[in-house]
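Every chain is numbered from 1 and lettered A, B, ... according to where its sequence line falls, protein lines coming before strand lines. In this text the structure is predicted, and so the values were computed from the model without any measurement.
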Amino acid sequence: MTQVDQGQLFEFLCRMGDNTLVLGHRVSEWCGHAPVLEEDIALANTALDLIGQTQMWLGLAAEVEGKGRSADDLAMRRDVWDFRNVLLVEQPNGDFGQTMMRQFLFDAWHLEMLKALTGSSNEQVAAIAAKAVKEVMYHVERSGDTVIGLGDGTSESHKRMQKALDLLWPYVGEMFVADAVDAAMAEAGVAPDLAELRTACDARVGAVLAEATLAIPEGGFAHKGGKTGVQHSEHLGHLLTQMQWLQRAYPGATW
Amino acid sequence: MYAQMVKSEATQEDPERLAAFQARIDAGEKIEPKDWMPAGYRKTLIRQIGQHAHSEIVGQLPEGNWITRAPTLERKAILLAKVQDEAGHGLYLYCAAETLGVTRDEMTEMLLDGRMKYSSIFNYPTLTWADMGAVGWLVDGAAIMNQVPLQRTSFGPYSRAMIRVCKEESFHQRQGYDIMMKMCAGTPEQKAMAQNALNRFWYPSLMMFGPSDKDSVHSAQSMAWKIKMNTNDELRQKFVDQTVPQAEYLGLTVPDETLKWNDEKGGYDFAEPDWDEFFEVIQGNGPCNTERLAARNKAWDDGKWVRDGLLAHAEKKAARRVAAE
Ligand SMILES: [Fe+2]
Ligand SMILES: [Fe+2]
Ligand SMILES: [Fe+2]
C-alpha cells in the first residue's frame with residue numbers, strides 16, 4: 001500500500017465534509033416549513049446528523065492540512081472555488097418532493113461510500129465512517145420510503161416526483177466518476193474505487209424507483225465540476241453568502 | 001404555559017358529579033382521558049394545550065430564521081437540535097390535546113384561520129445572532145417558569161407532557177445563556193448586540209405570563225381545577241427575581257429605570273410591560289403576526305399534495321395486502 005499524499009487526502013476529506021455541510025444546510029432550510037410536523041422533526045434530524053458528520057470530516061481535514069485552520073474556518077472562510085461538494089447537494093430545495101429525491105439519490109451513494117470507508121486503511125476515516133454509516137442507513141430508509149410513497153401516491157404526487165427525478169438524475173453521475181484524487185485514495189486503501197460502488201447503489205436506486213413507479217431518464221449525461229471545484233453552480237455562492245455571513249461580517253469574533 | 005388568553009368557563013353540570021370531580025382534584029388525583037370531566041374543563045384544556053402546542057410550532061420560526069446563518073458548526077447543531085425539540089414538544093402536546101377528543105388537523109386549521117392563538121412572544125422578530133441567546137435565556141426561561149408548576153397539573157396527559165418538555169427547556173435556557181456569555185465576553189460589537197437583544201426581548205418576555213392579575217379574566221376556575229397553578233403576577237415576579245442577577249452577571253442592563261430591589265417584599269420592583277402593545281399583538285398587530293401565520297399557512301398549503309400522496313400510497317398498500325390474503 002502506498003503512502004497517501006496529504007494534499008490529496010485533504011481534498012478527499014473536504015469532499016466528504018463539504019457534501020454533508022452543503023446538504024445539511026439545504027435540509028435545514030426546511031425547518032418549520034415542512035408539510036407535516038413529523039417531517040419537520042425528521043428533516044431537522046437529518047440536517048443535524050449531516051452537520052455532525054461535517055464537524056468530523058472537516059475537523060480531520062483541518063488536522064491533515066496542518067495549517068492551524070479549524071473545521072469552522074474551512075466551513076465559514078472558504079469561497080466557492082474551494083468547495084468540493086458534488087453539484088447534486090447544492091441544488092435548491094424546490095418542493096418537498098425535489099428535496100426528498102435529492103436526499104435519496106445522495107443517500108444511496110453516501111451509504112455505499114460510508115460502508116466501504118468503514119474498512120479504510122486510515123483509522124480516523126474508518127472511525128468517522130463507522131459512526132456516520134448508522135445515521136445514513138436510517139436516512140436512506142426514510143428518503144427511499146418517501147420517494148416510494150410519493151411516486152406511488154396520487155397522480156399529482158407521481159407527476160411531481162417524476163419531474164424531480166428528471167431534474168436531478170443528471171447530477172447522479174458525478175458521484176461515481178473518479179479523478180486523480182479518488183485514484184490515489186483507492187490505491188492507498190483510504191477509499192473505495194468509486195466505480196465499484198455503482199453496482200450496489202444502482203440496485204437500490206433501481207428497486208426504489210421501480211416501486212415508486214418512476215422511470216429513470218434515458219441518456220448518460222452527467223454534470224460535473226462540483227467535487228473538483230472546477231465549476232460549481234451559481235446556487236452555491238448564495239448559500240455561502242448566508243452561511244458565512246456572521247463570520248465574514250465580524251472577523252476576529254468568537255461565537 | 002401560554003395560558004394568557006385562556007378564559008375558563010363556568011359550566012352547567014350536575015352539582016354532585018362536579019363536587020366529586022373537584023374532590024378528586026383536591027386530593028391530588030390525576031384526571032385521565034377516559035374519566036368523566038366537566039365540559040368546561042375539557043374545553044379550557046383543549047384551548048390551553050392547543051395554544052401551547054401551536055406556540056411550539058410557530059416558535060420554530062423565529063429561531064429557524066437563524067439556523068442557516070449560525071456562526072459556527074457547533075452553534076448550528078445546537079440550534080437545529082433546539083428547534084427540533086420544539087417541534088417534538090408540539091407533537092407531545094397535540095397528542096395530549098387529542099386525548100380530549102379533538103384532532104391535530106382540526107387544531108391546525110384553527111391556528112391557520114386565526115380561531116386559536118399562540119404565544120405573543122413569537123410575533124417579535126429575531127434580528128441578530130444575539131437574539132438566539134436572548135430567546136433561549138429569556139423566552140425559554142419564561143416558558144420554564146410557566147411550565148414547571150404545570151407538571152403538577154390535574155390532567156394526566158398534560159402533566160406528563162410537561163415533565164418531558166421541561167427537561168428539554170432547561171437545556172435550551174442554558175444554551176441561550178451560553179450564547180449571551182460568549183457575546184458579552186466578546187468584541188464591543190458583540191456585547192452591544194447582546195444588550196440590544198435584551199432591550200428588545202425584555203418586555204415581550206414579561207408579557208409571556210399574561211396580563212396583570214387585576215385584569216386577568218376567570219383564572220379562579222382554572223386555579224381550582226389545577227389547570228393553572230400560579231397567578232400571572234406571581235410567575236412574572238419570580239421570573240424577574242431570577243433573571244435580573246443573571247443580567248448583572250453578564251454585565252448587561254435591564255431596560256427598566258425603575259427596577260429596584262425591594263427588601264420588604266424580598267423581590268424586585270419593576271415596570272409593567274406596555275399592555276396596549278400586548279393586546280395589539282394578540283389581536284394580530286404584532287411586528288411579525290402576518291409573516292408567522294403566512295409561513296404556517298404556506299407550509300400547510302404547499303404540503304397538501306405530500307400528505308395526500310402519502311395517504312393514497314398507504315391506502316393502495318393496504319388494499320394490495322388485503323388482495324394478497
Ligand atoms: Fe418548547
Ligand atoms: Fe413551551
Ligand atoms: Fe425551548
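- Within 6.0 Å of atom NZ in B/Lys304, 12 or fewer heavy atoms from other residues, nucleotides or ligands are found, so the atom counts as exposed in its surroundings.
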query: Checking salt bridge (charged side-chain N to carboxylate O under 4.0 Å, His left out) for the pair B/Glu63/B/Lys82: CA distance, chi angles, key distance, verdict?
result: CA-CA 9 Å; B/Glu63 291 186 283; B/Lys82 184 190 177 198; 2.6 Å; yes
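- Along residues 86-105 of chain A, the residues that come nearer than 4.5 angstrom to chain B, judged on non-hydrogen atoms, are A/Asp95, A/Phe96, A/Gly97 in order of number.
- A/Glu211 CD: 12 or fewer foreign heavy atoms inside a 6.0 Å radius.
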task: May I have the step-by-step check of side-chain hydrogen bond (donor to acceptor under 3.5 Å, both in side chains) for A/Thr154 and B/Asp308, ending in yes or no?
output: CA-CA 7 Å; A/Thr154 60; B/Asp308 291 349; over 6 Å; no
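- The contact between B/Leu61 and chain A is made entirely by side chain atoms (from C-beta outward), counting heavy-atom distances below 4.5 Å.
- Heavy-atom distances place the side chain of A/Ile51, and not its backbone, under 4.5 Å from chain B.
- For chain A, the nearby parts of B/Thr68 are the backbone and the side chain; heavy atoms of each come within less than 4.5 Å.
- Taking B/Val83, B/Leu91, B/Ile67, B/Thr187 one by one and counting their heavy-atom pairs under 4.5 Å with chain A, the maximum is reached by B/Leu91.
- Contact of A/Trp245 with chain B is made through the side chain alone, with heavy-atom distances under 4.5 Å.
- Listed by chain and number, the residues in a side chain to side chain donor-acceptor pair (under 3.5 Å) with B/Gln84 are A/Asn45 (sequence neighbours excluded).
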- request: Go through the steps to decide whether B/Glu291 and B/Lys298 satisfy the test salt bridge (charged side-chain N to carboxylate O under 4.0 Å, His left out), and finish with yes or no.
  value: CA-CA 10 Å; B/Glu291 288 92 332; B/Lys298 185 173 188 313; over 6 Å; no
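- Ranked by heavy-atom pairs under 4.5 Å with chain A, the list B/Gln190, B/Lys182, B/Arg69 is led by B/Gln190.
- For the residue pair A/Ser143 / A/Asp107, a side-chain donor-acceptor distance below 3.5 Å is found, with atom types taken as modelled.
- Judged by a 6.0 Å distance limit and a 45° cone about the ring axis, B/Arg307 is positioned over the six-membered ring of B/Trp300.
- The closest side-chain donor-acceptor pair between A/Asp49 and A/Gln53, if any, does not fall under 3.5 angstrom.
- Proximity to chain A (any heavy atom under 4.5 Å) is shown, for B/Glu315, by neither the backbone nor the side chain.
- For the options A/Thr146, A/Thr254, A/Val36, A/Leu43, heavy-atom pairs under 4.5 Å to chain B are most numerous at A/Thr254.
- Note on A/Glu156, A/Met161, A/Met243: by heavy-atom pairs under 4.5 Å with chain B, the leading option is A/Met243.
- Across all their heavy atoms, A/Gly24 and A/Ala47 have their closest contact at O-CB, 3.7 Å.
- For a residue to count as touching a neighbouring chain, one of its non-hydrogen atoms must lie under 4.5 Å from one of that chain's; by this rule A/Leu21 touches chain B with the side chain only.
- With a 4.5 Å cut-off on non-hydrogen atoms, B/Leu311 does not touch chain A at all.
- Counting heavy-atom pairs closer than 4.5 Å to chain A, the top residue among B/Gly59, B/Ala77, B/Ala70 is B/Ala77.
- Between B/Gly90 and B/Ile57, the closest heavy-atom pair is CA-CD1, 3.9 Å.
- Side-chain polar atoms of B/Gln60 and A/His33 form no donor-acceptor pair below 3.5 angstrom.
- The interface of residues 63-77 of chain A with chain B, defined by heavy-atom distances below 4.5 Å, comprises A/Ala71, A/Asp72, A/Ala75, A/Met76.
- B/Glu168 and B/Arg164 are not joined by a salt bridge, as no carboxylate oxygen comes within less than 4.0 angstrom of a charged side-chain nitrogen.
- For chain A, the nearby part of B/Arg75 is the side chain; its heavy atoms alone come within less than 4.5 Å.
- In this structure, chain A has no heavy atom under 4.5 Å from any part of B/Met132.
- Nearest heavy atom pair, residue B/Phe122 against residue B/Ser55, reads CE1-O, 3.3 Å.
- Ranking A/Thr54, A/Ile148, A/Thr241 against chain B, the residue ahead of the rest is A/Ile148, based on heavy-atom pairs under 4.5 Å.
- Per-residue counts of heavy-atom pairs under 4.5 Å with chain A were compared for B/Ala312, B/Ala314, B/Pro71; the largest is that of B/Pro71.
- In this structure, no portion of B/Asp302 lies under 4.5 Å from any heavy atom of chain A.
- B/Arg104 has no carboxylate O lying under 4.0 Å from a charged side-chain N of B/Glu109, or vice versa, which leaves the two without a salt bridge.
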query: So B/Gln246 and B/Trp137, side-chain hydrogen bond (donor to acceptor under 3.5 Å, both in side chains) or not? Walk me through it.
result: CA-CA 9 Å; B/Gln246 293 170 346; B/Trp137 172 36; 2.8 Å; yes
Extract all donor-acceptor atom pairs below 3.5 Å that involve side chains of residues 318-325 of chain B and protein atoms in other chains or at least two apart in sequence.
unit_1: B/Arg320; atom_1: NH2; unit_2: A/Asp152; atom_2: OD2; d: 3.1

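- For B/Arg200 and B/Asp131, the salt-bridge test passes: some basic side-chain N is under 4.0 Å from an acidic carboxylate O.
- Each of A/His158, A/Glu29, A/Gln244, A/Gln55 has some count of heavy-atom pairs under 4.5 Å with chain B, and the biggest count is that of A/Gln55.
- Counting heavy-atom pairs closer than 4.5 Å to chain B, the top residue among A/Leu37, A/Leu50, A/Leu58 is A/Leu37.
- With a 4.5 angstrom heavy-atom cutoff, A/Arg26 does not touch chain B via any of its atoms.
- For the side chain to side chain contact (heavy atoms under 4.5 Å, CB included) test with B/Tyr94, the passing option among B/His89, B/His54, B/Glu56 is B/His54; the others fail.
- Side-chain contact check for A/His110 and A/Asn19: no donor-acceptor pair (N or O, by modelled atom type) lies under 3.5 Å.
- Annotation: maximal heavy-atom pairing with chain B below 4.5 Å, among A/Asp40, A/Ile41, A/Leu239, occurs at A/Ile41.
- Looking at B/Val306, both its backbone and its side chain come within 4.5 Å of chain A, counting heavy atoms on both sides.
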